[in-house]
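Each remark here refers to the structure printed beneath this line.
All chains are named by letter (A, B, ...) in the order of the sequence lines, taking the proteins before the strands, and each is independently numbered beginning at 1.
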Protein chains: 2
Amino acid sequence: MMSEISHFVIPRGFRFGAIKAGLKASGRTDFALIVADEPACAAAAFTANKVSAAPLAVDKENLKATGGRVRVVAINAGNANCAAGQAGLDAARATCTAAAEIFGCSPQEVFPSSTGIIGVPLPAEKLIAVMPELASRLGSASDHFQQVALAILTTDTVEKTAFARFEVDGREVRMAATCKGSGMIHPQLVPHATMLVYILTDAEIEPQTLQSYLNGAIELSFNRISVDGDTSTNDTVLLLASGASGVTIGAENEEFRQALTQVCTSLAKQVVGDGEGIGHLVELRIDGAVSDADAVKAAKAIAHSMLVKTAWAGADPNWGRLVAALGYSGAQIDPERIDISFGELPVCRNGGRAEEFDEEKAHAYLKQEKFSIAIQLNQGKGSCVFWTTDLTTEYVHINADYST
Amino acid sequence: MMSEISHFVIPRGFRFGAIKAGLKASGRTDFALIVADEPACAAAAFTANKVSAAPLAVDKENLKATGGRVRVVAINAGNANCAAGQAGLDAARATCTAAAEIFGCSPQEVFPSSTGIIGVPLPAEKLIAVMPELASRLGSASDHFQQVALAILTTDTVEKTAFARFEVDGREVRMAATCKGSGMIHPQLVPHATMLVYILTDAEIEPQTLQSYLNGAIELSFNRISVDGDTSTNDTVLLLASGASGVTIGAENEEFRQALTQVCTSLAKQVVGDGEGIGHLVELRIDGAVSDADAVKAAKAIAHSMLVKTAWAGADPNWGRLVAALGYSGAQIDPERIDISFGELPVCRNGGRAEEFDEEKAHAYLKQEKFSIAIQLNQGKGSCVFWTTDLTTEYVHINADYST
């Protein structure tokens, strides 16, 4: 996997661009387009939140109508177009209609996405007004792709991208992805998404096969992260395959599966690493659960505990808060068989303080920007890796500072 | 219900006192005793956390052995005696044995309680060393009761007490209660407790009947509050009936039920009102749920959302975050039938921004120290009232500030 953008990693068959539509108070670019030269095969996943944004409803309708084909992805930041009733749906559909006219496709081949404040109807007219100009500026170079990565950001502090390449019979398949997400991050995508994620490949893959690859990769990446435990109304992951590489990928291609999982995991970790107000990026490794699902349950209770997260903010080795969270997690545990290590430092054994526990060392370990906590439940063979953040005063400032 | 302590509200049949055992770093009183003149009838409820403290295990054994009789309640603050293995159990039992010798009862008639840091074995010898002196100082006056209320506090900023009186055939029944709790507050007591709560009455009530009254009152009070969503390992509610009033209370006494519910609700609200770092005390009223349990589910998702709680900290009328939390709450909802008011101010109707929504007014309303949010789900007849707090930078400071 590569982490730097170069011309040689951008999948063939797509054009990109972004512009200022006037939705972001900051005045930055806030409207992006990804346009496939021909209808691309699509797989998608959306939030499990029962309240979901208008563009998600339109996306689901459109994907169903086309059997999983997308020509144009139209993404705005600065307004989530959620909880806006019929006006919200009308705005999403108006965006589709405008894009369809410009690019000569059906409105159903357009995939609208929105992120930003909830409850304020999206002013689609602002997107429609700048769309012709944006259409005239699209390009397939890495800097065009970069424009999309920047325009979709909200409280994010850095753009998030990931790339992969592999060869099949001497022919190269490329994958490029970008996403946004920093707060309201606890994706539960169905088949499992609080972010906007766009993954592009020039492989040729049928929509159903593509969906199966996507579901598998999401389960190990975006569904294993949490910043604040709030599952968004707008989470969307879209995977588009242009087929422009001329390489057909079947249902059991290990290279494609690995490339996709790596790209998704990289983006997922970038989202957490840019979590609102983050002081520490925490990797939780749960082992010995009765099932992988139970391991995730245990990890989530810890990742969502305000007391655990604030302890991390202070590099406080108060492992008792971890044990307490495991106790109410709903996962099957035996309090007297829990072992916990901070990195390589044992802190809890058999549910009590480990003999080797060294508070100074544990505190020093937790002062690192990134650290790892390993929990052995000694109940079975289930396991998971989960990424989360601490809870800092900065998080509170970001989400509480309000001025009328 | 009365809220001031006077001699005339302290139930007869009990003596009280507190002393410094050297467990609190602050050097304040940290060990309290409540001693019944004769074995009192007892009902109790403990945390649903699978990790629970040693004294809770001993309490359950003891109540079972005695059929619900308690002579001595021995409460320490400064150490939770949790996740301390066999040493923890030994410490709790040693406390019982010492108290039994001093007060001439069986060790099973002693009810130990602990609150404070998790994972550090309780130094029972410190409690045992000061117990004789404390025993010699006990008294039945209101200031003795007050000593208990103060000694059990940890991060609490004020003591919490509630009182009730009523008459049966011209004879007075008294009820006095005290509790502690400020952080790790999301009680789930079984039959439902993150606090230590002690409720005393001089009514004569059999343990089984007492338990039934207690369960009913807890469901509407302690199980309807949350500060941080962390369910503690030590939550305990103990209700003791000395019988010293000579008034026997049967299974269907409405006055007793009301008095108990009022006392429990008062204490529950005092706990939230003293929640760690609290800026705002929030009353959530959920109506129109398919069941009361579903209403509580909706209330808890809101009460535990970091984004909702930080918005409250900033008096930010961002109702979209409430809608998002309802969406992932698991409660049955129809996004297009949700109505929300801040006090009397409509902010959301049919899932979208209410026409009357006035951002300035809503912001001004949320600036109040206490405010109320009413949510109508329009799904059925289930409802609940739930009390919670905002999430402030002060909460983070309290729980993150760590120095080696």
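Every residue meeting the side chain to side chain donor-acceptor pair (under 3.5 Å) condition with B/N378, not counting sequence neighbours, appears here in chain and number order: B/D339.
Other residues, nucleotides and ligands contribute at most 12 non-hydrogen atoms within 6.0 Å of the NZ atom of B/K367. Within a 6.0 Å sphere centred on CD of A/Q86, heavy atoms belonging to other residues, nucleotides or ligands number more than 12.
Proximity to chain A (any heavy atom under 4.5 Å) is shown, for B/S329, by neither the backbone nor the side chain. Within the 4.5 angstrom heavy-atom criterion, no atom of A/A53 approaches chain B. Contacts of B/W319 with chain A are made by side-chain atoms alone, with heavy-atom separations under 4.5 Å and no backbone atom involved.
B/A324 and A/I118 get closest at one heavy-atom pair: CB-CD1, 4.2 Å. In plain terms, the two heavy atoms of A/L391 and B/V396 that are nearest each other are O-CG1, 3.5 Å. Nearest approach of B/A400 to A/A313, heavy atoms of both residues: CB-CB, 4.0 Å. Across all non-hydrogen atoms, the minimal contact from A/E276 to B/L307 is OE1-CD2, 4.3 Å. When every heavy atom of A/V120 is checked against every heavy atom of B/R353, the shortest pair comes out as CG2-NH1, 4.2 Å.
With respect to chain B, the highest number of heavy-atom pairs below 4.5 Å among A/G85, A/C82, A/P335, A/A325 belongs to A/P335. Interface summary for chain B: among A/G330, A/A83, A/A80, the most heavy-atom pairs under 4.5 angstrom belong to A/A83. Here A/S305 is the residue among A/S305, A/G352, A/A301 with the most heavy-atom pairs under 4.5 Å with chain B.
With rounding to the nearest 0.5 angstrom, the NE2 atom of A/H304 is 12.5 Å from the NE2 atom of B/H304.
Looking only at side-chain heavy atoms (C-beta outward), B/N399 and A/N318 stay at 4.5 Å or farther from each other. Looking at heavy atoms from C-beta onward, B/I398 lies out of side-chain contact with A/T310 at the 4.5 angstrom threshold.
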